[in-house]
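Positions are given from 1, in the same order as the sequence printed here.
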Amino acid sequence: MGLSQPAALKLCLSLLALSMAGYIVGPPLYFHIRDGLASAFTHSSSSSSSLSITCSVCSCDCSTKPILTIPQALSNASVADCAKHDPELGEDTENNFAELLSEELKLREAEALENQRRADMALLEAKKVASQYQKEADKCSSGMETCEEAREKSEAVLAAQKRLTAMWEQRARLKGWKEGLTKSNGQSHVKVQTS
């Protein structure tokens, strides 16, 4: 009975898939069924006191020398304390842990206070700079107002001068003054002086 190569591959993959599914689903299913049977057995045998299921006390029999050594920098001290169930040592450890926590809290509080102080200083500095800029802006606005007032006054003076000039020009024209005549007289007078 010879299997073709694709059929053999399908058979191997199917067996692999079934074994992986059994590996994943098996242990939880086993423990669930075992607990269900144990509780059913306990309920059925509760009437008879002769049968009782009890677990034996687990004892921690750790050797003093571990099989696998972990470097000190990477080791977790809580795992190595398996054989050390000394109540005094436990109290000391709790006290040390509490001291470390309180010290850590004090350090964090000091750091938070320092950060708050820096933030307050930065805020104060920003307020000073903003006040300085506001003063400069007020000076600039005041200068602009002064400049605008001076411009308006100079425009008024210029307008008055133009009116006065127009009035004198009109009087001069009434007296017989001509604009072209003055220019030619001025040019001939300049020629006479240069020669």
Side-chain angles (χ1 to χ4, degrees), residues 9-10 13 16-17 20-21 23-25 27-28 32 66 68-82 84 86-195:
L9 182 63
K10 284 182 183 179
L13 287 176
L16 182 65
M20 286 178 71
Y23 178 75
I24 293 170
V25 175
H32 183 67
L68 178 65
T69 58
I70 300 172
Q72 188 66 23
L74 299 176
S75 70
N76 187 352
S78 63
V79 175
D81 287 341
C82 178
K84 300 174 186 172
D86 187 10
E88 292 177 11
L89 185 60
E91 264 184 46
D92 289 342
T93 304
E94 286 180 18
N95 289 340
N96 288 341
F97 185 68
E99 287 175 10
L100 287 174
L101 280 178
S102 65
E103 188 175 320
E104 178 72 21
L105 286 173
K106 287 177 184 175
L107 287 173
R108 288 191 181 188
E109 183 180 0
E111 184 179 342
L113 288 174
E114 180 65 22
N115 289 341
Q116 182 66 36
R117 187 188 64 79
R118 285 184 192 150
D120 289 343
M121 293 296 288
L123 180 63
L124 185 62
E125 186 67 28
K127 284 181 179 179
K128 285 180 183 177
V129 170
S131 175
Q132 184 178 1
Y133 283 138
Q134 185 62 41
K135 287 178 184 176
E136 291 295 323
D138 290 343
K139 284 181 186 177
C140 185
S141 295
S142 174
M144 289 293 288
E145 288 173 4
T146 305
C147 198
E148 186 65 25
E149 288 173 6
R151 186 188 63 78
E152 288 173 359
K153 285 180 183 177
S154 65
E155 283 180 354
V157 169
L158 180 64
Q161 284 294 325
K162 283 183 179 180
R163 281 194 303 272
L164 186 64
T165 303
M167 182 185 74
W168 280 105
E169 189 176 333
Q170 185 181 12
R171 282 185 183 173
R173 286 179 197 247
L174 287 174
K175 300 262 181 184
W177 174 78
K178 292 183 183 173
E179 192 172 334
L181 185 66
T182 307
K183 287 183 183 176
S184 64
N185 286 342
Q187 288 175 354
S188 63
H189 188 30
V190 170
K191 287 181 183 175
V192 172
Q193 285 181 355
T194 56
S195 41

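Under the side chain to side chain contact (heavy atoms under 4.5 Å, CB included) criterion, Ile24 pairs with no residue, sequence neighbours left out. By the salt bridge (Lys or Arg N to Asp or Glu O under 4.0 Å) test, Glu155 is found to be paired with Arg151, residues two or more places apart in sequence or in another chain being considered. In this structure Glu104 satisfies the side-chain hydrogen bond (donor to acceptor under 3.5 Å, both in side chains) test together with Arg108, sequence neighbours excluded.
Within the structure, the salt bridge (Lys or Arg N to Asp or Glu O under 4.0 Å) test picks out the following pairs touching residues 157-174 (sequence neighbours left out): Glu169-Arg173, Arg173-Glu179. Residue pairs meeting the salt bridge (Lys or Arg N to Asp or Glu O under 4.0 Å) criterion with at least one member in residues 111-120, sequence neighbours excluded: Glu114-Arg117, Glu114-Arg118.
Note that CG of Leu100 and CG of Asn95 are 11.0 Å apart. Values are rounded to the nearest 0.5 Å.
A 6.0 Å sphere centred on CE of Met167 holds more than 12 heavy atoms belonging to other residues, nucleotides or ligands.
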Let me have the donor-acceptor pairs involving side chains of residues 125-142, under 3.5 Å, with sequence neighbours excluded, atom names and distances please.
unit_1: Gln134; atom_1: NE2; unit_2: Asp138; atom_2: OD1; d: 3.2
unit_1: Ser141; atom_1: OG; unit_2: Ala137; atom_2: O; d: 3.0

